[in-house]
Amino acid sequence: MNVKESLSQVVINTIEELYATTISQDSINIQKTRKEFEGDFTLMVFPFVKISKKNPDITAKEIGDSLKNKLDYVESFNVVKGFLNISLKHTFWLDFLQKESKNDTFGHRTPSENTSPILLEFSSPNTNKPLHLGHIRNNLLGDAIARILTANGKNVIRLNLVNDRGIHICKSMLMHQKHFANETPQSTNTKGDKLVGKYYVAFDKQYKNEIEQLAESGIPKDVAEKKAPILLEAQEMLRKWEDEDKAVRVLWQTMNQWVYQGFDLTYKRLGIHFDKTYYESDTYLLGKKIIEEGLKKHVFYQHEDGSIRIDLQADGLDEKILLRADGTSVYITQDIGNAVLRYEEYQPSQLVYVVGNEQNYHFDVLRLILAKKLAYPWANRLFHLSYGMVELPSGKMKSREGTVVDADDLMDEMVAMAKQKTEELGKTTFSDAEIDELSETIGLGALKYFILKVDPKKNILFNPDESIDLNGNTAPFIQYTYARICSLLRKSTEASLPLTTVDISRQDTEKEILRLLYAYPETIETASEDLNPSLIANYIYELVKVYNRFYQETPILKEENQALRLFRLHLSAFTARTVSDAMSLLGINMPERM
RNA sequence: GGUUCCGUAGCUCAGCUGGAUAGAGCAACUGCCUUCUAAGCAGUAGGUCAUGCGUUCGAAUCGCAUCGGAAUCACCA
């Protein structure tokens, strides 16, 4: 039981004794004392004044007296208006440091293998174009959430669903066949996904030209968009693919392999991996049977044009197509099938989808159909982790128009910036190889932190001209703090000596650091429950900021009192470990020197 | 038009299960390296928390309305 819990329990008992009223846990609000007041934790007593029928100050004092009596670690308290500020004995904090600084899994829950897993789908790329900054956000969020859930003791299975078939892939294939048939990644010395992406852009260019030409010959634009010869050819190619035409399938296999080889490099550099990868070409027929069964049960109905539909107007949504008139499936059909497949395969406690907020409506429909129409009792376990778009000053990124920030280019740029900065600062004690490794750690760290520190549901504005900062609330700032502590520990000859008794009752900054460290487990818990890595990032920043103030203002190795010196050393080591652990939950590495 | 999300300092963001005087970073200005790594620290300046009404002892936080922005309402994924 942690302090807040035991304080809460005693408050409940006290209110019962003093005022003969039973209150619930929910009505108790205890938080970290604000730094301008004295104390460690603060209880709001306003909710109890109606019960006590006394003014807030008297009520606070009565509760404070009781807490002090009943809990031996409560040192004192003060009352400011209706706020009861509770100070713990300094030995409480020393004990905490002593115990947890040796605990390698501080803040983590031990993983429970036997519980039903959480399925976490993320990334889910199309194979017709390379990954861009928007995909980076998706991948980083998915990866960080997987790590955070695991730290909170959950059994997480990372899923990727690769969209490897469809008209968009045919567009790239067609352009390759028509204009670039001799090209391979090797022959052009190009990353496979980049090469295929080039064809996709080329298709769009030709398509637009054809529409324009048709329009000039007097054909209305909306008709031209459907009749452009190049589009018809792509559609024909998709039909051949579905008929398993050998030549088309071979080309498709070949080009997808190119893309996968490219993606693998990008994933590897980002530090992303999956436990299982599904391919849409294997699963795209999945939902059809369920729809047909639903039709028999009159959950769905057949429209006069032959398509199968569902009317969701009673639930505030619209009519939705589930199967086309020709019997082929649409996206929602596949997702219904996928969800059922996954449920049957894993019996998950949750199915989380990391997908952009542009698909909010889609997931509303999906959950509604699964829950209300198909009556799957597990449908409420579906959770759409909806994140905001990454926008440029010019607006949304569009692959087809080439207005994207390419994932690989951005990583290169960040690493180059880190390297330049390192050289500017005159870090001369590193070998070339060490500089490269350090630049990778710093550059990628800066990128990841930049993305993950923002609340997932908010849009991110990325200005390529300003790029990503390396100062202030950034990963390099945090990494630097870590490296400085590592340096202290390397220099000290006492780092392995045990903590000894020391009076820290007046060490306010140190106690503030300890209070923050104490909050690490609950931070992981909240981030896990909310599926929100930004809570971890903000926590780290707060901790590091206070530590830096301490580092700057207070002698550590140079402290003459050995007991105090050891205390500060242990505190520093514990901070470094916790910061590093928290950063690892964001997938960010830490350098021991920088 | 319907639905959902967003609106906090010049810019980028914290703070939101209601709590004390709304915080950081960037940009600007001022100090601090003969002392543990200055990728740092301290300070100055910058706010009608979009607006209005309501609920409450207490509202940036909750509710309603209005205004602004985004997404979506596909036989695309």
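Since the model is a prediction, treat every value here as computed from it, not as a measurement. In what follows, every chain begins at residue 1, and chains take the letters A, B, ... in the order their sequences are listed.
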Does atom NZ (A/K4) have a neighbourhood of more than 12 heavy atoms from anything else shown, all under 6.0 Å? yes
Looking at B/A71, B/U37, B/A77, which one has an atom nearest to any side-chain atom of A/N163? B/A77
Within 6.0 angstrom of A/E437 CD, more than 12 heavy atoms from elsewhere: no
Classify the nucleic acid contact of A/T42 as base, sugar-phosphate or nothing, counting any heavy atom under 4.0 Å across all strands shown. base
A/S534 near the nucleic acid: base, sugar-phosphate alone, or nothing, with a heavy-atom cut-off under 4.0 Å? nothing
Under 4.0 Å, heavy atoms only, any strand: does A/D335 hit a base, just the sugar-phosphate, or nothing? nothing
Would you classify A/K421 as touching base, sugar-phosphate or nothing, given that sugar-phosphate means primed atoms plus P, OP1 and OP2, and contacts are heavy atoms under 4.0 Å? base
Among B/A20, B/A77, B/A71, find the nucleotide with the atom closest to the side chain of A/E280. B/A77
Is the phosphate of B/A38, meaning OP1 or OP2, less than 4.0 Å from a side-chain N or O of A/R484? yes
Mind checking A/L323 for me? I need base, sugar-phosphate or nothing, with any heavy atom below 4.0 Å counting as a touch. nothing
Does a side-chain N or O from A/K453 land closer than 4.0 Å to OP1 or OP2 of B/A24, or not? no
What contact category does A/F46 fall into here, base, sugar-phosphate, or nothing, at under 4.0 angstrom with non-hydrogen atoms? base
For A/Y301 and A/D311, test the side chains for any donor-to-acceptor distance below 3.5 angstrom and give the result as yes or no. no
State the pairing partner of B/C41; accept Watson-Crick or G-U wobble contacts with both distances under 3.5 Å, and report none otherwise. B/G31
Using OP1 and OP2 only, check whether a side-chain N or O of A/S487 sits under 4.0 Å from B/C36. no
A/Y353 and A/F363 aromatic centres sub-6.0 Å: yes
Please state whether the base of B/A38 and the side chain of A/N548 form at least one donor-acceptor pair under 3.5 Å? no
Name the nucleic acid region contacted by A/P56, choosing base, sugar-phosphate or nothing; use a 4.0 angstrom heavy-atom cut-off, strictly under. nothing
Measure from the side-chain heavy atoms of A/R549 and tell me the nearest of B/C41, B/C16, B/A20. B/C41
Step-by-step salt bridge (Lys or Arg N to Asp or Glu O under 4.0 Å) determination, A/D57 to A/K61: CA-CA 6 Å; A/D57 281 7; A/K61 186 168 183 315; over 6 Å; no
If only side-chain N and O atoms of A/N459 are considered, is one of them under 4.0 Å from the OP1 or OP2 phosphate oxygen of B/A71? no
From CD of A/Q31 across to C1' of B/G15 the rounded distance in Å is 12 Å
Quick one: is A/Y331 getting a side-chain N or O under 4.0 Å of the B/A77 phosphate, OP1 or OP2? no
Among the nucleotides B/A70, B/C6, B/A77, which one has an atom lying closest to any side-chain atom of A/V330? B/A77
Phosphate OP1/OP2 of B/A14: any A/K458 side-chain N/O under 4.0 Å: yes
Per atom distances to the A/M594 side chain, the nearest of B/C75, B/A39, B/A42 is B/A39
Sugar-phosphate only, base, or nothing, as touched by A/D326 at under 4.0 Å among non-hydrogen atoms: nothing
Write down the partner of B/C26 under the Watson-Crick or G-U wobble criteria, each distance required to be under 3.5 Å. B/G10
Salt bridge check, A/R568 against A/E559: does any charged N sit closer than 4.0 Å to a carboxylate O? yes
Could you work out the separation of B/A74 and B/G58 based on their P atoms and round it to a whole Å? 47 Å
Using a cut-off of 4.0 Å on non-hydrogen atoms, how would the nucleic acid contact of A/L470 be classed: base, sugar-phosphate, or nothing? nothing
B/G10 and B/C5: how far apart are their C1' atoms, nearest whole angstrom? 26 Å
Between the base of B/A39 and the side chain of A/T474, is one N or O donor paired with an acceptor at under 3.5 angstrom? no
Is a side-chain donor-acceptor pair under 3.5 Å present for A/S572 with A/Y547? yes
So what does A/S572 hit on the nucleic acid, given a heavy-atom distance under 4.0 Å: a base, only sugar-phosphate, or nothing? nothing
Has A/Y551 got its ring stacked on the base of B/G40, with centres under 5.5 Å and planes less than 30° apart? no
A/T127 side chain to A/D164 side chain, donor-acceptor N/O pair below 3.5 angstrom: no
Indicate, with a heavy-atom threshold strictly under 4.0 Å, whether A/Y541 touches base, sugar-phosphate, or nothing. sugar-phosphate
Classify the nucleic acid contact of A/R309 as base, sugar-phosphate or nothing, counting any heavy atom under 4.0 Å across all strands shown. base
Phosphate OP1/OP2 of B/G7 contacted by A/K457 side-chain N/O (<4.0 Å): no
Would you say B/G23 has OP1 or OP2 under 4.0 Å from some side-chain N or O of A/R34? yes
Atom CZ of A/F48 to atom P of B/U56: distance rounded to whole Å? 20 Å
Classify the nucleic acid contact of A/K427 as base, sugar-phosphate or nothing, counting any heavy atom under 4.0 Å across all strands shown. base
For A/F477, answer base if it contacts any base atom (sugar-phosphate contacts may also be present), sugar-phosphate if it contacts only those atoms, and nothing otherwise; contact means non-hydrogen atoms under 4.0 Å. sugar-phosphate
